[in-house]
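So the structure is just underneath, and the comments pick up after that.
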Amino acid sequence: MPKTAAKPIIAVDVDEVLAVNAAGFVEYSNKRWGTDLKVEDYHEHWAELWQSDEEETERRAIEYHYSGVHRNLEPIDKAREVLTKLAKDYRLIVLTSRRVIIEQDTRDWLDANFPGIFHSVKFAGIFDKFANDRMNLTKADQLKRLEADYFIDDQPRHCLAAAEAGITALLFGDYKWNRNLELPSAVTWVKNWQEVVEFFEKE
């Protein structure tokens, strides 16, 4: 474990890392718009999931965000247990791509499920002004500003960008969108929070 006076910083994503978001999205979409999605189908390209144009995708996205679904998502198994342990030796920060319109829902959910664990919560702003090309944006700039040493996220593009910025990344979860990838040495695939704690026990 670290021996330095200042605690190293771990930045942590929310959806599919702390919160079971895909299940909430799929359930709402199937009920509200009659889609036939499964959790395994989920990815960030909502226009593709809905087979909708940009205007309709944005309209649905806003409705979904105002629906309150995010207030009741289940936490990922063992996340709280592991992060409570890591908080003794690391400074933990949330870095999420969630829109600011659900900032309060997000903060309330974190307070309820991870009380006193995170030093701060940062919103990357990637999807706050919708456009398809924003799918190419990453959290790397925010990570550098936060002076993060480690980053835990389920999206390969964010982890790869973090690695290019000199930040050790953990690609989290056994999901369709992050399996069986060739990763650089600075990115480690961890299937669950047990593998996260095992990673840091070796640091």
Side-chain angles (χ1 to χ4, degrees), residues 1-19 21-22 42-49 61 76 79 82-83 86-87 89-100 102-103 106 110 114 117-203:
M1 282 299 201
K3 303 296 183 182
T4 55
K7 290 182 178 182
I9 295 172
I10 304 174
V12 185
D13 181 35
V14 175
D15 292 323
E16 292 7 293
V17 178
L18 299 178
N21 174 68
Y42 181 82
H43 52 71
E44 286 189 323
H45 296 260
W46 292 1
E48 183 179 325
L49 290 176
I76 299 285
V82 171
L83 287 165
L86 291 176
D89 295 289
Y90 297 87
R91 185 175 184 178
L92 303 179
I93 295 173
V94 165
L95 177 60
T96 178
S97 296
R98 285 185 172 190
R99 295 188 180 195
V100 293
I102 53 170
E103 177 174 352
T106 300
L110 289 167
F114 298 89
I117 291 176
F118 293 104
H119 180 269
S120 59
V121 181
K122 305 295 182 183
F123 289 78
I126 291 173
F127 298 112
D128 282 314
K129 186 178 289 186
F130 185 85
N132 288 330
D133 60 359
R134 295 180 73 79
M135 288 292 181
N136 297 318
L137 299 180
T138 70
K139 300 174 182 176
D141 288 339
Q142 290 91 338
L143 289 167
K144 286 187 285 186
R145 285 196 290 271
L146 292 169
E147 299 183 329
D149 299 282
Y150 302 92
F151 180 46
I152 306 173
D153 198 291
D154 65 295
Q155 292 294 331
R157 65 190 173 104
H158 296 311
C159 289
L160 292 171
E164 290 180 4
I167 298 160
T168 301
L170 280 68
L171 180 60
F172 183 91
D174 187 9
Y175 302 123
K176 183 178 181 179
W177 56 86
N178 66 18
R179 294 179 191 140
N180 304 317
L181 301 176
E182 290 187 17
L183 301 172
S185 59
V187 180
T188 300
W189 183 41
V190 288
K191 295 180 183 178
N192 51 48
W193 279 99
Q194 179 58 38
E195 292 192 7
V196 172
V197 77
E198 290 171 1
F199 173 91
F200 284 103
E201 284 173 347
K202 297 175 183 176
E203 287 292 283

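Values reported hereafter were calculated over all heavy atoms of this structure, with side chains retained and with hydrogens, waters and symmetry mates removed.
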Search all heavy atoms of A124 against all heavy atoms of K139 and return the closest pair with its distance.
-> CB-CG, 4.2 Å

Minimal heavy-atom distance between L181 and L171, with the atoms involved, is CD1-CD2, 4.2 Å

Correct closest heavy-atom pair for E44 and R157 would be OE1-NH2, 2.8 Å

In Å and rounded to the nearest 0.5 Å, what is the CG to CG distance from L18 to L110?
-> 6.5 Å

Of the non-hydrogen atoms in F151 and C159, which two are nearest, and what is the gap between them?
-> CE2-N, 4.4 Å

Judged by atom type as modelled, is there a donor-acceptor pair below 3.5 Å linking the side chain of E147 to the main-chain atoms of I9?
-> no

Should the pair D89-K7 be classified as a salt bridge under the 4.0 Å nitrogen-to-oxygen rule?
-> no

side-chain contact (heavy atoms from CB on, under 4.5 Å) assessment of H158 paired with S97 = CA-CA 10 Å; H158 296 311; S97 296; 4.0 Å; yes

Can you check whether F172's main-chain N or O pairs, donor with acceptor, with N178's side chain at less than 3.5 Å?
-> yes

Nearest heavy-atom approach of L83 to F118 is CD1-CZ, 3.8 Å

In this structure, are over 12 heavy atoms from other groups packed under 6.0 Å from Q194 atom CD?
-> yes

For the atom pair CG (L95) and CZ (F123), what is the distance rounded to the nearest 0.5 Å?
-> 10.0 Å

Could you tell me which non-hydrogen atom of D149 sits nearest to which non-hydrogen atom of P8, and how far apart they are?
-> OD2-CA, 3.2 Å

V17: which of V94, T96, D154, I76 passes side chain to side chain contact (heavy atoms under 4.5 Å, CB included) | D154

Flag the pair W46 / L49 as yes when at least one side-chain heavy-atom distance between them is below 4.5 Å, and no otherwise.
-> yes

Would you sort out whether I152 and W193 count as a side-chain contact (heavy atoms from CB on, under 4.5 Å), showing the intermediate values?
-> CA-CA 10 Å; I152 306 173; W193 279 99; 4.0 Å; yes

Determine yes or no for a side-chain-to-main-chain donor-acceptor pair under 3.5 angstrom, with R98 supplying the side chain and E103 the backbone.
-> no

Look up atom CD in Q155 and atom CG in D15, then write down how far apart they are to the nearest 0.5 Å.
-> 9.5 Å

Test log, rule side-chain contact (heavy atoms from CB on, under 4.5 Å), inputs H43 and E48 | CA-CA 9 Å; H43 52 71; E48 183 179 325; 3.6 Å; yes

For E203 and Y150, run side chain to side chain donor-acceptor pair (under 3.5 Å): C-alpha distance rounded to whole Å, both residues' side-chain angles, the deciding distance at 0.1 Å, then the answer.
-> CA-CA 11 Å; E203 287 292 283; Y150 302 92; 2.7 Å; yes

Verdict with reasoning, K176 to Y42, per side-chain contact (heavy atoms from CB on, under 4.5 Å) | CA-CA 8 Å; K176 183 178 181 179; Y42 181 82; over 6 Å; no

